Amino acid sequence: MLRSTFLHLPGVGPATEAALWRDGIRDWRELAEGAHPLGTSPAHRERLRAELAASEAALAGGDAGWFGRRLPAGEHWRVYSAFRERTAFLDIETTALSPYEGMVTVVAVHGGGATRSFVAGEDLEELPAYLGRFPVLVTFNGRYFDVPFLEATFPAFVAPPVHIDLRFLCYRIGLSGGLKRIETTLGIGDRTGVEGIRGLDAVRLWREYRAGSAAALERLVRYNRADTVNLEPLLERVAGDLVRRLLPPPLPSR
DNA sequence: CACTCCGAGAGTTTAAGGGA
DNA sequence: TCCCTTAAACTCTCGGAGTG
């Protein structure tokens, strides 16, 4: 999808991009080499050529942030398929909805072939450095909740340059409600062992752990990991849907 | 419950293309 | 070469939905 994206180019908006697709121009090379209505003035044409070359270089060099800076937040999902192995799915548990009233308790990061949990009072301090290895972040409502909370908790925390917030993407394809309701609607995700646990229960489980229950922490960590890991099939589903909605059907194979 | 600013839509600016 | 029309990009405003 990233190679079919023209939205990050100067002077190209949704309408121009859709027109290019309709004309059968499906990737950067076709735009750079083909005769097209863009770049009628030599200066603009040269600028486009330079941006297309820079796009190729950024993709080859693994610079996801280059695209993150040029694409609107709502289109960051287009970067995902080209950077799967460097994508981190994230979910945090806290004791309240605002960082002024609560604290981060448990965090899970799923990506790069591993799922790691961080626990306050144990290894939570290692989270910012660990997350820093991933240029692409995926959350559900993380733009408002997880990221601001982490920024308030760790002054040095810098969010990855590409942030895909599934909440708004789900809404765009007609899926409303929280994460669990959407999982049920789509029939995806695995909640074995954490059935029935909801966000508010995370606050209670943390208190029970602090009061001495090791089982409560184990349960909280398991719940947090389920929330996080389930973001991956959800993004695959949503991204696939968005591509089908956006791109005209592929040309018949020859 | 408090908090957040994206998303949609209207309004404004900018750039392309055609006619003279 | 310039100007006018038109279409798209860009900017602003405001309400809303989900987080533990």
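All chains are named by letter (A, B, ...) in the order of the sequence lines, taking the proteins before the strands, and each is independently numbered beginning at 1. FYI, side chains are in, hydrogens and waters are out, and symmetry mates aren't considered; it's all heavy atoms of this structure. Keep in mind it's a predicted model, so treat the numbers as computed, not measured.
- Taking atom CG of A/Leu9 as the reference point, atom P of C/dA9 lies 12 Å away to the nearest angstrom.
- In summary, the side chains of A/Ser4 and A/Arg26 do not present any donor paired with an acceptor at a separation below 3.5 Å, with no hydrogens or angles considered.
- Looking at heavy-atom distances under 4.0 Å, A/Gly177 makes contact with sugar-phosphate atoms alone, never a base.
- Taking atom CZ of A/Arg172 as the reference point, atom C1' of B/dC6 lies 10 Å away to the nearest angstrom.
- Remark: A/Arg225 does not engage A/Asp91 in a salt bridge, criterion side-chain N to carboxylate O under 4.0 Å.
- Here the nucleotide nearest the side chain of A/Glu93, chosen from B/dC3, C/dA17, C/dG20, is C/dG20.
- Put simply, CD1 on A/Ile164 is 16 Å from C1' on B/dC6, counting in whole angstrom units.
- If you check the side chains of A/Tyr80 and A/Glu236, you find a donor sitting under 3.5 Å from an acceptor.
- For the pair A/Ile92 CD1 and C/dG18 P, the interatomic distance rounds to 18 Å; values are reported in whole Å.
- For A/Thr94, the side-chain atoms get nearest to C/dG20 when compared with the rest of B/dG7, C/dG18, C/dG20.
- Between A/Phe134 and A/Phe83, a ring centre-to-centre spacing not shorter than 6.0 Å is recorded.
- Checking C/dG18, C/dA9, C/dG20 against every side-chain atom of A/Pro14, the shortest atom distance belongs to C/dA9.
- Side chain of A/Arg86 to main chain of A/Gly62: a donor-acceptor pair is present (N/O by atom type, distance under 3.5 Å, no hydrogens or angles).
- Using a 4.0 Å heavy-atom distance criterion, A/Arg143 is classed as a sugar-phosphate-only contact.
- Protein atom CG of A/Asp227 is 13 Å distant from nucleotide atom C1' of C/dG18, rounded to whole Å.
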**Prompt:** Could you go step by step and tell me if A/Glu126 and A/Arg133 meet the salt bridge (Lys or Arg N to Asp or Glu O under 4.0 Å) rule?
**Reply:** CA-CA 12 Å; A/Glu126 296 169 26; A/Arg133 308 186 324 196; over 6 Å; no
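- Contact annotation for A/Phe140: backbone-only contact, meaning every heavy-atom pair under 4.0 Å involves sugar-phosphate atoms and none involves a base.
- Not a single donor-acceptor contact under 3.5 angstrom links the side-chain atoms of A/Tyr144 to the base of B/dC3.
- Within 4.0 Å of A/Thr105, counting heavy atoms only, lies no atom of the nucleic acid at all.
- Residue A/Arg237 places its CZ atom among 12 or fewer non-hydrogen atoms of other residues, nucleotides or ligands, all under 6.0 Å distant.
- Heavy atoms of A/Asp91 sit under 4.0 angstrom from primed sugar atoms or phosphate atoms, though from no base atom.
- Comparing C/dG20, C/dA17, B/dT4 by their nearest atom to the side chain of A/Phe145 picks out C/dG20.
- Defining each end axis of the helix from B/dC1-C/dG20 to B/dA20-C/dT1 as the rotation carrying four pairs' C1' atoms onto the next four, with five pairs an end, the two axes are found to diverge by 30° to 10 degrees.
- A/Pro99 comes within 4.0 angstrom of no nucleic acid atom, judged by non-hydrogen atoms across all strands.
- Straight-line distance from the CG atom of A/Leu231 to the P atom of C/dT19: 11 Å, rounded to whole Å.
- Note that A/Arg70 lies in the cation-pi zone of A/Trp66, set by a 6.0 Å cut-off to the ring centre and a 45° limit from the axis.
- One atom, CD of A/Glu151, and another, P of B/dT4, lie 11 Å apart when rounded to the nearest Å.
- Here the P atom of nucleotide B/dA8 and the CZ atom of A/Arg167 are 12 Å apart, to the nearest Å.
- Nearer to the 5' terminus of DNA chain B, by closest-nucleotide assignment, is the contact made by A/Tyr100 (compared with the other of A/Tyr171 and A/Tyr100).
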